[in-house]
Protein chains: 2
Amino acid sequence: MISQRARYAFKALVALSRVPVGESLQTKDIAEREGIPRAFLEHIMLDLKRDRLVGSRRGKNGGYFLLKPPSEIIFGEILRLIDGPLAPLPCLSRHAYKRCEDCADETTCAVRCAFADVFQAMLGVLDGLSLADAIERSDRARAGLPGYGANPYSGAFI
Amino acid sequence: MISQRARYAFKALVALSRVPVGESLQTKDIAEREGIPRAFLEHIMLDLKRDRLVGSRRGKNGGYFLLKPPSEIIFGEILRLIDGPLAPLPCLSRHAYKRCEDCADETTCAVRCAFADVFQAMLGVLDGLSLADAIERSDRARAGLPGYGANPYSGAFI
DNA sequence: GGTATTTCCGACTGACTAAGTCAGGAAATT
DNA sequence: AATTTCCTGACTTAGTCAGTCGGAAATACC
């Protein structure tokens, strides 16, 4: 499960993506529209700003805006920023690598072998998916086109 | 990241898988061999027992043993049992489904659309991977065959 | 210049979970 | 009967999550 914080961040970024280029949104508006606690969202927006995903203007008519086109803002990147490393095991993380104290030999660890596959599958999607992609899928679902909604229950899900 | 608890559970199950059919392992041995705190491992073994993944014998020469062949014990199943639902969003979980209070329309939510893909990729691997598979990969890595180790750093990992 | 509006920032809280530890009970074997 | 093992519940300690609160700094408007 991703954190609530991350989920809010995604919703805010999607909202910002839907706004015409050059315009901005205020936390108050985003919070209201998306049902996010305002004070909490402020902190999240600052996180996003710190990582140069959004820019801001203070004072009256201020607000937040994307610093890159939505097609260049990647889900994996956002999730890493908010929730930290994505790797299922510390010994699989590139940037936050940490050896498992109890593991004799990393390269032949069966658990690591298994989760390496899982990780690769996750990253394949996560690092190839932009805000623009997500919005496109959402819009197609809205238009009622079959096969494009987020209805995963056609497969064997849990 | 999966929990430490889950990681220990996997290691214990792998250890049990490597034992000849009919034989068993004691928590003490597993704990020692795998570097897991013994008292903690006992709790974990009971979890596994509660879910009928392992059986036990008490008293002298007692221990734990698998109730199914390793090829029928699936990573996704184990992880669900220890760490709870695998879905990245509550609204994507089948068994632990929970609506996002703040979400107006689930089927067109861009965040949900995106993570549905991630989830599907994860599950594709996680629910098709058995203990036997993991051990096979580990053994091949041990034998030094290229392309079979858990060295994910050939791709673009983080 | 003053006031309203907005972002920015740190400190705090309350609930929860993770990762263990500890003490002892129950069953099986010797 | 003694020993060995699994079994069980209570407890601890540290850390994280999901916020809230109060106020400071910047900007726009009159």
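A note on names: the letters A, B, ... follow the listed sequences, proteins ahead of strands, and every chain is numbered from 1.
- Distances shorter than 4.0 Å separate none of the side-chain N or O atoms of B:K49 from OP1 or OP2 on D:dC6.
- Taking atom CZ of residue B:R38 and atom P of nucleotide D:dT4, one finds them 12 Å apart after rounding to whole Å.
- Computed from coordinates, the B:I30 CD1 to D:dT5 P distance equals 13 Å when rounded to whole Å.
- The pair A:K28-A:E32 does not meet the salt-bridge criterion, since no charged nitrogen lies less than 4.0 angstrom from a carboxylate oxygen.
- The nearest heavy atom of DNA chain C to A:R50 and to A:K28 marks one nucleotide each, and the one closer to the 5' end goes with A:K28.
- Between A:I82 atom CD1 and D:dG19 atom P there is a gap of 14 Å when expressed in whole angstrom units.
- The side chain of A:S3 contributes no N or O atom lying less than 4.0 Å from OP1 or OP2 of D:dT16.
- One can place CD1 of A:I44 at 14 Å from P of C:dC8, the figure rounded to the nearest angstrom.
- Looking at B:R33 and B:L25, their side chains come closer than 4.5 Å, going by heavy atoms from C-beta outward.
- Which of D:dC6, C:dG20, C:dC8 sits closest to the side chain of B:Q4 comes down to C:dG20.
- In this structure, CD1 in B:I82 is found 6.5 Å from CD1 in B:I44, a value given to the nearest 0.5 Å.
- One can place CZ of A:F65 at 11 Å from P of C:dT7, the figure rounded to the nearest angstrom.
- Distances shown here put a side-chain N or O of A:T27 below 4.0 Å from the OP1 or OP2 atom of C:dT7.
- Rounded to whole Å, atom C1' of D:dC7 lies 15 Å from atom CD of B:Q26.
- Rounded to a whole Å, the CZ atom of B:R5 is 13 Å from the P atom of C:dT17.
- When each of A:F40 and B:L46 is assigned the nucleotide of DNA chain D bearing its nearest heavy atom, the one mapping closer to the 5' terminus is B:L46.
- Between the CE atom of A:M1 and the P atom of C:dT17 there is a distance of 13 Å, rounded to whole Å.
- When A:V14, A:L67, A:I78 are each tested for a side chain to side chain contact (heavy atoms under 4.5 Å, CB included) with A:I73, only one passes: A:I78.
- A salt bridge between B:R80 and B:D51 is absent, with no side-chain N of the basic residue lying under 4.0 Å from a carboxylate O of the acidic one.
- With hydrophobic clusters built from ILVMFWY side chains whose heavy atoms lie under 4.5 angstrom apart, A:F65 does not share a cluster with A:I135.
- The aromatic rings of A:F10 and A:F75 lie parallel to each other, their planes meeting at an angle below 30°, with 60° marking the opposite boundary.
- Between A:Y8 and D:dC17 there is no side-chain polar atom (N or O) within less than 4.0 angstrom of OP1 or OP2.
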| message | Generate the contact string for nucleotides 21-30 of chain D. Rules: B means base contact, S means sugar-phosphate contact only, - means no protein heavy atom under 4.0 Å. | response | B---BBBSS-
